Every structure is written in structure tokens, then in C-alpha cells.
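Only one structure is covered here, and it is reproduced in the block below.
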Protein chains: 2
Amino acid sequence: MSSDIENKCAAKGVRLTDQRKLIAKVMSESGDHPDVDELHKRVSSLDSKISIATVYRTVKLFEEAGIVDKHDFKGNKARYEQAPTEHHDHLIDINTGKIIEFVNEDIEKLQKEVAKKLGYNLVDHRLELYGSKIKK
Amino acid sequence: MSSDIENKCAAKGVRLTDQRKLIAKVMSESGDHPDVDELHKRVSSLDSKISIATVYRTVKLFEEAGIVDKHDFKGNKARYEQAPTEHHDHLIDINTGKIIEFVNEDIEKLQKEVAKKLGYNLVDHRLELYGSKIKK
DNA sequence: ATAATTGCAAATGCTTTGCTTGTGA
DNA sequence: TCACAAGCAAAGCATTTGCAATTAT
């Protein structure tokens with residue numbers, strides 16, 4: 001019962017400690033985009049002595065290994081999610097904070113074109129939509 | 001010789017102090033996207049006693065009045081630019097930090113469509129491309 | 001006149017880090 | 001074994017804020 005992220009760590013040669021295993025497990029099972037405090041809260045219920053510094057160091061480690069993605073949405077602290085197999089962007093509900101993932105190949109293609117036209121290779125991008133629910 | 005931003009302040013009923021006038025002037029004349037430190041540096045050459053707290057308070061004030069835009073590009077501190085008349089997005093050169101502005105109506109339209117399809121009205125968005133220059 | 005603004009320094013909030021002890025391979 | 005990781009508290013950095021003095025309208 002090693003978690004998804006745990007397997008990726010093994011594959012990347014990242015040393016697995018008990019704490020990292022717990023953080024990996026919690027992140028693997030999280031369907032949302034928790035911030036460090038929230039992660040620490042969730043992990044603490046499994047190991048009450050884990051320090052928040054360890055959570056910070058671990059998410060950074062995972063991020064640098066390409067195992068998790070970090071997001072800095074407007075006005076919020078950094079949030080994390082397990083690196084997805086297929087890329088997606090985010091729509092943030094400005095009233096509730098709810099995050100919805102979406103994929104749009106046309107936009108992806110246009111971004112590459114724009115970059116190319118400006119003389120650049122697209123290395124990374126950030127696309128976030130902020131919206132309010134349409135009432136009916 | 002009142003600056004562009006100064007006029008907008010008057011129009012919005014924002015009280016104009018000497019310090020604010022200087023910050024408005026510097027921002028009006030800036031073609032780039034300076035951060036608060038840089039703004040403070042530029043303003044200090046006109047008034048050496050202006051405090052950085054005032055710069056922070058003023059850019060926030062201008063931002064809330066819709067007079068300047070704030071950008072939090074990846075890995076950098078907040079940068080500011082005079083609110084443009086026509087919207088644009090940014091491409092950031094990951095090697096030099098250079099910022100290039102661009103407009104793409106197709107992407108804009110697609111963003112609205114994506115939001116609508118998810119049941120949201122698009123209120124705001126963030127699109128940043130990170131790229132490296134194509135060598136020839 | 002007087003409510004708003006400034007400058008300063010202290011406080012904040014998130015994140016990183018130094019150091020000593022503990023531990024995975 | 002022993003280089004690396006954890007826990008703790010202190011430090012860092014960008015930004016905000018309390019307060020007394022100053023200023024714009």
C-alpha cells in the first residue's frame with residue numbers, strides 16, 4: 001500500500017522517511033489543492049509530532065522532483081497538488097474559493113503560437129480563470 | 001504637467017499629496033514593470049525622504065482604484081504597471097526576466113467560453129507565458 | 001479645522017534555515 | 001556507519017500597521 005507519490009519518489013531516488021511517506025500518502029489521497037497548513041493538519045492526524053518545517057521542506061522537495069505542482073493563486077498562500085499525468089489549468093470561484101480543473105487544447109496551442117511569434121519557446125505557463133457562478 | 005495617473009486620481013477623488021504625485025509621475029513615465037523597491041528607488045531620486053511604507057500604501061491605493069495593475073509573476077515580488085487602456089497579457093523571458101506584453105483575442109474569447117461551459121461568468125483571469133528566446 | 005496621510009519602527013504572515021539529535025539505506 | 005533528514009526555534013523577506021506628527025482641502 002505504497003502511495004502513488006511514494007512510488008515516484010522511489011523512481012527518482014528520493015529517500016523515503018516515515019514523515020515523507022505520510023505526506024506522500026496524504027497528498028496522493030487529496031483530491032483538492034491544500035496549502036501547507038492544511039497538509040500539516042491532515043498529516044498531524046496520522047503523526048501528531050510531525051513539524052511544519054518538515055512539511056515545507058517536503059513539498060519543496062517533491063516540487064523540485066516534479067512530483068507535485070505548486071500554485072500561487074491570487075490572494076492566497078501557496079497550494080499543492082499531485083502532479084497530474086495530463087496538464088490542466090484552473091478556474092477559481094471568487095466567492096467560494098472552489099477550484100475547478102479544466103483542459104482546453106485550443107488555448108494550449110494558441111499559447112505556443114503566441115510565444116513562437118514573439119521569438120520564444122514556451123517553457124511554462126500559467127492560466128487561471130476567476131469567475132462567479134452563473135445563477136439560474 | 002500633471003501625470004496620467006494624477007488625472008485619474010483626480011477623476012476618482014483620490015486625495016493627491018506630494019508623495020502620491022511623485023509616485024504617479026514615476027509610474028506614468030515607467031515603460032516597464034517595477035517592483036516596490038524599484039519604485040522607491042526611482043521616487044527617492046526626486047524626494048529622498050519618501051518612505052517605502054508610503055510607496056506600499058500608495059500602490060495599493062492606486063490598485064484598488066483601478067489605476068495601476070499588480071502582477072505576481074512566478075518567483076518574483078509584486079510588480080506594478082499603469083493600468084492599460086486595452087488589456088494585455090505577459091510573456092516572461094525565463095533567462096533575462098524581460099517582460100513582453102501581448103494581446104490575443106482568440107485566447108480571450110476561448111477563456112470566456114471555457115468559464116461559461118463550466119457555469120461561470122469570467123470576472124478576471126491571469127495568463128502568463130514563460131519562455132526562452134529562440135536562437136537563430 | 002480636521003480628517004486623512006506620512007514616516008518610523010514594530011508587527012505580521014509565510015517560508016526558510018542553523019543547529020543538534022535522530023535515522024534510513 | 002554516516003550522509004542525510006527531522007524538530008525546534010530563530011531568522012528572513014515582503015508587506016502591513018500603530019502611533020504621533022504633519023498636511024491637504
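From a predicted model like this one, the values you see are computed outputs, not experimental measurements. Each chain gets a letter, A, B and so on, in the order its sequence line appears, and its residues count up from 1.
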With a 4.0 Å cut-off, would you call [X] and [Y] a salt bridge?
X      : Y      : answer
A:E38  : A:R42  : yes
B:R126 : B:D124 : no
A:K25  : A:E29  : yes

Item checked: Comparing A:D18 and B:V14 on DNA chain D - which has the more 5′ nearest nucleotide ->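 Nearer the 5' end of the strand: A:D18.
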
Note to self: Quick one, B:L129 with A:Y120, criterion side-chain contact (heavy atoms from CB on, under 4.5 Å). Give me CA distance, side-chain angles, the key distance, then yes/no.
What the structure shows: CA-CA 10 Å; B:L129 306 183; A:Y120 282 80; over 6 Å; no

Atom-pair distance ([atom1] on [X]; [atom2] on [N]), nearest Å:
X     : N      : atom1 : atom2 : answer
B:D72 : D:dT15 : CG    : C1'   : 11 Å
B:K21 : C:dA4  : NZ    : P     : 19 Å
B:K77 : D:dT16 : NZ    : P     : 14 Å
A:N76 : C:dC14 : CG    : P     : 10 Å
A:E38 : C:dG13 : CD    : C1'   : 18 Å
A:R20 : C:dG24 : CZ    : P     : 11 Å
B:H40 : D:dT15 : NE2   : C1'   : 14 Å
B:F73 : D:dA14 : CZ    : P     : 17 Å

Next item on the list: Evaluate the criterion side-chain contact (heavy atoms from CB on, under 4.5 Å) for residue pair B:R79 and B:I99; output intermediate values, then yes/no.
Entry: CA-CA 11 Å; B:R79 294 162 163 276; B:I99 295 168; 3.9 Å; yes

Note to self: Going by side chain to side chain donor-acceptor pair (under 3.5 Å), A:H33 matches just one of A:K70, A:H71, A:E101. Which one?
What the structure shows: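 When side chain to side chain donor-acceptor pair (under 3.5 Å) is applied between A:H33 and each of A:K70, A:H71, A:E101, only A:E101 qualifies.
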
Checklist line | Under 4.0 angstrom between B:T17 side-chain N/O and C:dT6 OP1 or OP2 | finding: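 So the side-chain polar atoms of B:T17 do come within 4.0 Å of the phosphate oxygens OP1 or OP2 of C:dT6, strictly under.
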
Check: Does A:Q19 place a side-chain N or O at less than 4.0 Å from the phosphate oxygens OP1/OP2 of C:dG24?
Finding: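 For C:dG24, OP1/OP2 do not have a side-chain N/O of A:Q19 under 4.0 Å.
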
Item checked: Residues B:L46, B:V26; criterion side-chain contact (heavy atoms from CB on, under 4.5 Å); working and verdict -> CA-CA 9 Å; B:L46 303 174; B:V26 165; 3.8 Å; yes

Note to self: Five pairs per end, C1' atoms only: what is the angle between the end axes of the helix from C:dA1-D:dT25 to C:dA25-D:dT1, to 10 degrees?
What the structure shows: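 About 40°, once rounded to a multiple of 10°.
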
Notebook entry, point to check: Is it true that atom NZ of A:K98 has more than 12 heavy atoms of other residues, nucleotides or ligands lying nearer than 6.0 Å?
Noted result: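 No, the 6.0 Å shell around NZ holds no more than 12 heavy atoms from other groups.
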
Item checked: Residues from residues 44-61 of chain B lying under 4.0 Å of DNA chain D - heavy atoms ->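 Heavy-atom cutoff 4.0 Å gives B:A53, B:Y56, B:R57, B:K60.
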
Check: Considering all heavy atoms of both residues, which atom of B:L127 and which atom of B:D89 are nearest to each other, and what is their separation?
Finding: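 Minimum heavy-atom separation between B:L127 and B:D89: O-CB, 3.5 Å.
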
